Structure formats: structure tokens, C-alpha cells
Protein chains: 2
Amino acid sequence: MLAIGQLSAETGTKVPTIRYYEDIGLLPQPERTAGNQRRYGKRQVDRLRFIRHCRDLGFPLSDIRALLDLSDDPDRSCASADTIARHQLREVERRLASLASLRQELCRMIDQCAGGTVADCHVIESLADHAHCIADRHMTPAPMEQHVDPPRRDPA
Amino acid sequence: MLAIGQLSAETGTKVPTIRYYEDIGLLPQPERTAGNQRRYGKRQVDRLRFIRHCRDLGFPLSDIRALLDLSDDPDRSCASADTIARHQLREVERRLASLASLRQELCRMIDQCAGGTVADCHVIESLADHAHCIADRHMTPAPMEQHVDPPRRDPA
DNA sequence: ATGGGACCTCCAGTAACTGGAGGTTCAAGG
DNA sequence: CCTTGAACCTCCAGTTACTGGAGGTCCCAT
């Protein structure tokens, strides 16, 4: 049985974040000691690792919740799991494409930055200029979702 | 001179977001009509497009602010712009690797999900299991981040 | 001159955490 | 057995980057 701090160390998740996940029902309420401290078993460790892995890949908690709900009810038809998984796959592929083009652009920016002054720095120039940016694609139409959440800073 | 709604349409930025950028000092206070409505010129359009482009590429506003401050003072060295871009590139590559492995796992899940019940889907198992996941690298205790930006949040 | 759409400010809410205050519990050392 | 201090508890406020609504004002085409 792990205390919350050990679970934290084990999974690279900050302690308040674990409690937060419990608050919003992503993690079930764990056992408690006589003195009211949380104690976690292996299942919880796996579940938290799963959540963190998904979060790290940029999935919103709502999607993660859908996956978890599904796996909490193992008698459900596989069809819905399949649907969700396929949806996730499409999302992943979309993000992959988008990141690949971003990578290209960043590389080009860095290559062009020859170390002079800002006046002739192409990093800023190329960020102001949209002409050759593939990423423009997903600014032009008006899709439902534009809040792609920004990359999380690494946990220290 | 554009009204805020036209600037919004022009740049694909929601109206409240434009006002928010003004509040936090990313956009300067624009001219106003006699009746107190905002009017924007071409420079502002460019600046907003720059901001949106950066956001779209995943830069946090603090980095964008740094970039803008930098470009407002073009005699400075471009080294810090380069640093920011390199930092973004590392992050992007990390996410690319992670997503590629998730894609593989999702494909495997979908292949295995041949119409039974969720119990046989191994959703949790495959995502909780890091054995073959490249993303593990940065879950292990590797404190290497020293990027701290000052929490200056005052407008004007 | 008027009507309705676009604009104004202010405030509250969202996701997904993060951190601090003030108090309690656990377990190792004396 | 008792002390001590690190780790735990709850509650609450703050963070980033927006988003939306209420209630009121302005602009301009008819």
C-alpha cells in the first residue's frame, strides 16, 4: 500500500494533482488509514499512469474519462470501445501531421538564424509571415475546436 | 481602420480574445472613435496575426511576449529568439515521438478488438504499460528545466 | 429618425492544475 | 514510551489562456 507521496514519486504526478483527479472522479476514492491518510494499491498506480500517459500526449480529461469509463464496464460491447479508439486514432493522426509541419518550420527558422541582431533574425520574421506556413490550414476554416491545449511544461 | 469585429474576422481571433490580449498588454491600446469603439490599423493586424500564429504553434504567451519585446527592440541579439525556437523544437520532437508510439498502440488495440467485450480490449493495459513507450524517458526523474519566466501580468 | 447589429465594460466560468495556510498523523530516533 | 519533523489532511485562492453573458451604448443603412 502506497502513501500519496509514494504514488506521486512512482508516477511523476504532483500530489495536489492526484487529489484533484480524485475530486473530479477520475480516480476512485482510495482506502484510508485510521488517521485518514490515503493508501493506494497497484490498480490505482496503473490507472494514474494511464491518465498521465494520455495527458502527456495532449488528450483532454474528458476523452480520458471516456476511455476509463469504458474499461470500468468490461461487459459493454466492444463496438463502443472500438469507436472511441478509432476516434482517438484519428485525433492522434491529426496531431501527428500538425506537429510534423511545425517541426519543419521550426527547423527552418533555426537554420536561418545566423546569430546576428534581431533586425536580420529570421525566427521573428518567419513567425510574422504566414506565406509558407502549412499550419495556416487550421486557422482558415472555422472548426468546432480551436482550443488545442498548449504543451504542458515538464514536471520537474 | 478596422472595427474589432473586422479584425476578428481578418485574423480568425474571437473578439473577447482580442480584448483579452489588450488587457494583458500583448496588444497596445488602439485608437478609439468618439463613441469609444476600438479602431485598428495595419500594424495591429500584423501583430495580432503574429501572436495567433505563435499560439497556433504552441508557444505560451510568455514566450510570445518575449519575442515581441525582442522585435520591438531590433538592435538586440537574436540569440534568445533562437533559444526559444530551439526549446519549442525539442518539445515538438518529444511529442512527436510520444504520439507515434500511441498511434501504434491504438492501432494494435483496434486490430485486437474483434467484436467481443471490452474485457478483451486491453485498453488500460496497453496504455498504462510503458514497456514499449518512448515517452517514458521524460517520466523518469530528470530535472533539467530551468526556464522560469517572470509572472508579470500588468496591463499598460 | 430609427432599428438592429455591433460595440462597450464588467464579471463569472472553463480546464487543468498549482501552491499556501493551518492543522493532524506517522514512524524513526532517543 | 515519547518526541520530532516530514508527510499527510482539508480548504481555498491563484494560474494560463481564454470564453460567454448581462446590461447598456453606438453606428450606419434605410
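Residue numbers begin at 1 in each chain, while the letters A, B, ... track the order of the sequences. In this text the structure is predicted, and so the values were computed from the model without any measurement.
B:Arg103 has a carboxylate O that lies under 4.0 Å from a charged side-chain N of A:Glu93, or vice versa, which qualifies the two as a salt bridge. Residues A:Arg52 and A:Glu10 are not paired through a salt bridge, judged by the lack of any N-O separation under 4.0 Å between the basic side chain and the carboxylate. Ion pairing between a basic and an acidic side chain is recognised when a charged N comes within 4.0 Å of a carboxylate O; A:Glu22 and A:Arg32 show such pairing. Under 4.0 Å is where a charged nitrogen must lie from a carboxylate oxygen, and between A:Arg65 and A:Asp69 no such pair does. Salt-bridge annotation for A:Asp23 and A:Arg19: absent, with no side-chain N of the basic residue lying under 4.0 Å from a carboxylate O of the acidic one.
With D:dC18, D:dA17, D:dG20 as the choices, the nucleotide that has an atom nearest any side-chain atom of B:Pro60 turns out to be D:dA17. Comparing C:dC7, D:dC18, C:dC17 by their nearest atom to the side chain of A:Arg55 picks out C:dC17. Listed candidates were C:dC8, C:dC7, C:dT25. Nearest to the side chain of B:Asn36 is C:dC8.
As rounded to whole Å, 14 Å separates atom C1' of D:dC26 from atom CD1 of B:Ile4. Nucleotide C:dA16 holds its C1' atom 16 Å from the CD atom of A:Glu22, rounded to whole Å. Remark: C1' of D:dC28 and CE of B:Met1 are 19 Å apart, rounded to the nearest angstrom. Straight-line distance from the CG atom of B:Asp63 to the P atom of D:dT16: 13 Å, rounded to whole Å. If you measure from atom CD1 of A:Ile64 to atom C1' of C:dC17, you get 13 Å, rounded to the nearest angstrom. What separates CD1 of B:Ile18 from P of D:dC18 is a distance of 12 Å, to the nearest Å. In this structure, B:Glu10 atom CD and C:dA6 atom P are separated by 16 Å, rounded to whole Å. Remark: P of C:dT14 and NZ of B:Lys14 are 16 Å apart, rounded to the nearest angstrom.
Note on B:Arg19: every side-chain N or O is 4.0 Å or more away from OP1 and OP2 of C:dC11. Checking the phosphate oxygens (OP1, OP2) of D:dC8, no side-chain nitrogen or oxygen of A:Thr33 falls inside 4.0 Å. The phosphate of D:dC8 (OP1 or OP2) has no side-chain N or O of A:Arg38 nearer than 4.0 angstrom. A sub-4.0 Å separation between OP1 or OP2 of D:dA7 and a side-chain N or O of A:Arg39 is absent. OP1 or OP2 of C:dT25 has not a single side-chain nitrogen or oxygen of A:Arg32 nearer than 4.0 Å. For the pair A:Tyr21 and C:dC17, the criterion of a side-chain N or O lying under 4.0 Å from OP1 or OP2 is met. Dashed line: the shortest gap from a side-chain N or O of B:Ser62 to OP1 or OP2 of D:dT16 is not under 4.0 Å. Not one side-chain nitrogen or oxygen of B:Thr17 sits closer than 4.0 Å to the OP1 or OP2 atom of D:dA17. Residue A:Arg65 places none of its side-chain N or O atoms closer than 4.0 Å to OP1 or OP2 of C:dA16.
Residues A:Gln37 and A:Pro16 each lie close to DNA chain C; by heavy-atom proximity, the contact nearer the 5' end of the strand is made by A:Pro16. Taking the nucleotide of DNA chain C with the nearest heavy atom to each of A:Tyr20 and A:Gly35, the more 5' of the two is matched to A:Tyr20.
Across all strands shown, A:Ile24 has no heavy atoms under 4.0 Å from either base or sugar-phosphate atoms.
Shown here is B:Gln6, whose CD atom has more than 12 heavy atoms of other residues, nucleotides or ligands within 6.0 Å.
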